[in-house]
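Okay, structure first, notes after.
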Amino acid sequence: MPDLDNLGAAAIQVLSCADPRQKAAFSRRSAQAWREGKLAQIFPYLPSVSPARPDYPRLLKPQDMPKRRSGSNLGALLHAVTHIEFNAIDLAWDMVARFGADMPRAFCDDWVSVGDDEARHFTMMQDRLQAYDMTYGDLPAHDGLWQSALDTRHDLKARLAIVPLVLEARGLDVTPMMIKRFEKAADEKSAEALTTIYIEEVSHVAAGKKWFSYLCDRDNCPPVETYHHLVRRYFKGYVKPPFNEDARARAGLTAEFYKPLAPEGS
């Protein structure tokens with residue numbers, strides 16, 4: 001990684017790297033440099049609309065993705081999680097690069113830390129794929145996560161409402177079930193890796209809630225009503241139950257935020 005002296009350039013370098021392992025390495029090194037005080041909070045560049053991507057996996061529209069049956073190939077499930085974690089690296093660094101200039105230093109601290117975590121999660125998942133004789137890119141994937149980033153690129157409140165507080169919060173709901181599937185299959189290493197991700201994702205959702213509340217306080221707007229408005233505007237469909245209410249509450253995301261957005265009768 002070339003010597004860089006500011007956080008904006010480091011963020012752009014992560015976003016501009018197409019190679020998955022190198023992107024993860026840049027993310028981790030940039031986070032370390034920020035923690036050590038080697039990067040100034042300067043943002044001389046705006047990020048591109050979309051980050052660099054490897055040739056594989058082939059990206060499909062969500063509706064064109066092959067359906068996975070319940071209990072189907074665990075390698076395919078790991079690949080899907082790996083793709084989510086790969087996107088999450090870019091989502092964190094785009095948050096820093098696109099919005100960090102107008103926010104307190106603590107905002108950058110939080111999202112640099114998230115980017116560091118996501119890079120580590122991606123590497124963990126990529127290593128677990130090897131146990132299934134697979135590598136990241138072997139299966140098609142969809143670009144729905146990044147589409148949410150595109151849709152909210154001009155509005156930090158909307159970005160926080162959709163990415164950490166809908167999409168990452170959904171991970172808190174579904175990951176415990178995935179952990180049980182790998183435990184049932186006697187793949188303890190994958191179950192342990194997913195448990196680490198699950199525990200740390202609570203803090204990512206908490207960071208989203210913290211800064212969403214900060215912006216609502218700053219702009220004198222009601223958090224719950226603002227969240228409902230933004231989710232209905234930028235998120236397609238309902239917020240799906242069942243909800244992991246305990247994990248969501250530990251992240252500060254109480255039921256008044258998400259339950260009114262679920263289908264009636266759920």
Side-chain angles (χ1 to χ4, degrees), residues 62 81 84-85 87-100 102-104 106-118 121 142-178 197-263 266:
V81 176
I84 290 170
E85 299 302 329
N87 274 268
I89 300 170
D90 286 325
L91 288 167
W93 286 101
D94 186 81
M95 189 86 80
V96 172
R98 193 173 299 278
F99 302 110
D102 299 320
M103 295 293 288
F107 175 87
C108 295
D109 290 340
D110 282 348
W111 295 106
V112 168
S113 178
V114 171
D116 192 14
D117 286 349
E118 304 294 15
H121 296 171
H142 72 76
D143 212 22
L145 272 174
W146 194 257
Q147 186 58 51
S148 296
L150 286 176
D151 293 344
T152 58
R153 65 188 182 275
H154 301 305
D155 185 337
L156 177 54
K157 273 198 208 77
R159 173 69 65 85
L160 292 166
I162 301 303
V163 175
L165 300 184
V166 172
L167 300 176
E168 288 198 76
R170 180 63 179 160
L172 300 182
D173 303 332
V174 302
T175 304
M177 292 179 284
M178 289 193 285
I197 291 172
Y198 170 64
I199 292 168
E200 294 180 354
E201 291 292 345
V202 173
S203 68
H204 301 176
V205 177
K209 177 59 168 55
K210 167 185 171 181
W211 291 107
F212 184 80
S213 296
Y214 167 88
L215 293 173
C216 288
D217 289 343
R218 186 195 69 182
D219 298 340
N220 195 29
C221 54
V224 173
E225 291 84 349
T226 301
Y227 179 75
H228 292 169
H229 167 73
L230 291 170
V231 173
R232 288 180 176 124
R233 179 176 178 182
Y234 290 103
F235 185 71
K236 296 178 177 65
Y238 293 104
V239 177
K240 294 180 181 179
F243 300 114
N244 185 339
E245 295 187 30
D246 176 67
R248 285 170 173 257
R250 282 187 277 118
L253 191 62
T254 51
E256 62 184 338
F257 280 87
Y258 54 86
K259 281 198 172 179
L261 300 170
S266 62

Go through His229 and Lys157 one step at a time and tell me if the side-chain contact (heavy atoms from CB on, under 4.5 Å) criterion holds. CA-CA 11 Å; His229 167 73; Lys157 273 198 208 77; over 6 Å; no
Residue pair Trp146, Asp90: steps toward the side-chain hydrogen bond (donor to acceptor under 3.5 Å, both in side chains) verdict: CA-CA 9 Å; Trp146 194 257; Asp90 286 325; over 6 Å; no
Would a 4.5 Å heavy-atom cut-off, applied to side chains only, mark Leu167 and Phe235 as touching? yes
Of all the heavy-atom pairs spanning Val114 and Ala92, show the shortest one and how long it is. CG1-CB, 3.9 Å
Does atom CZ (Arg233) have a neighbourhood of more than 12 heavy atoms from anything else shown, all under 6.0 Å? no
How long is the span from the CZ atom in Arg98 to the CG atom in Asp155, to the nearest 0.5 Å? 12.0 Å
Over 60° means perpendicular and under 30° means parallel, so tell me whether Phe243 and Tyr258 are parallel, tilted or perpendicular. tilted
Are the side chains of Phe99 and Leu160 in touch, meaning some heavy atoms are under 4.5 Å apart? no
Euclidean distance, Leu172 CG relative to Asp246 CG, rounded to 0.5 Å: 10.0 Å
Where the side chain of Ser113 meets the backbone of Asp109, is there a donor-acceptor pair that is under 3.5 Å apart? no
Taking the side chain as every heavy atom from C-beta outward, state whether Asp116 and Val112 have any pair of such atoms under 4.5 Å apart. no
At their closest point, which heavy atom of Pro164 faces which heavy atom of Gly208, and how far apart are they? CG-CA, 3.7 Å
From CA spacing to verdict: side-chain contact (heavy atoms from CB on, under 4.5 Å), Asp143, Asn87: CA-CA 9 Å; Asp143 212 22; Asn87 274 268; 3.8 Å; yes
Using side-chain contact (heavy atoms from CB on, under 4.5 Å), reason through Leu165 and Phe212 one step at a time and then give a plain yes or no. CA-CA 9 Å; Leu165 300 184; Phe212 184 80; 4.0 Å; yes
Report the C-alpha separation of Glu201 and His204 in whole Å, then their side-chain angles, then the decisive distance to 0.1 Å, and conclude whether the side-chain hydrogen bond (donor to acceptor under 3.5 Å, both in side chains) test is met. CA-CA 5 Å; Glu201 291 292 345; His204 301 176; 3.0 Å; yes
When rounded to the nearest 0.5 angstrom, what distance separates CE in Met95 from CH2 in Trp211? 11.5 Å
Side-chain contact, heavy-atom cut-off 4.5 Å: Glu118 with His121? yes
Can you confirm whether Tyr227 sits close enough to Ser213 that some side-chain heavy atom of one is under 4.5 Å from a side-chain heavy atom of the other? no
Smallest separation among heavy atoms of Val239 and Pro263, with atom names: O-CD, 3.8 Å
Closest contact, heavy atoms only, Pro176 versus Gly171: CD-O, 4.4 Å
Write down the atom of Leu230, the atom of Ile162, and the distance for their closest heavy-atom approach. O-CD1, 4.0 Å
Once you round to the nearest 0.5 Å, how far does CG of Asp110 lie from OG of Ser203? 9.0 Å
Measure across Ala158 and Tyr234 and return the closest heavy-atom pair with its distance rounded to 0.1 Å. CB-CE1, 3.6 Å
Could you tell me if the side chain of Leu215 sits less than 4.5 Å from the side chain of Arg218, heavy atoms only? yes
After noting the C-alpha distance and the side-chain angles of Phe257 and Arg248, does the key distance pass the side-chain contact (heavy atoms from CB on, under 4.5 Å) rule? CA-CA 10 Å; Phe257 280 87; Arg248 285 170 173 257; over 6 Å; no
Using 0.5 Å steps for rounding, measure from the CG atom of Leu253 to the CG atom of Asn244. 11.0 Å
Inspect the contact between Asp173 and Lys240 and indicate whether a charged nitrogen and a carboxylate oxygen are less than 4.0 angstrom apart. no
Is any side-chain heavy atom of Glu168 closer than 4.5 Å to a side-chain heavy atom of Leu91? no
Distance in Å, Tyr214 OH paired with Lys209 NZ, rounded so as to fall on 0.5 Å steps: 15.0 Å
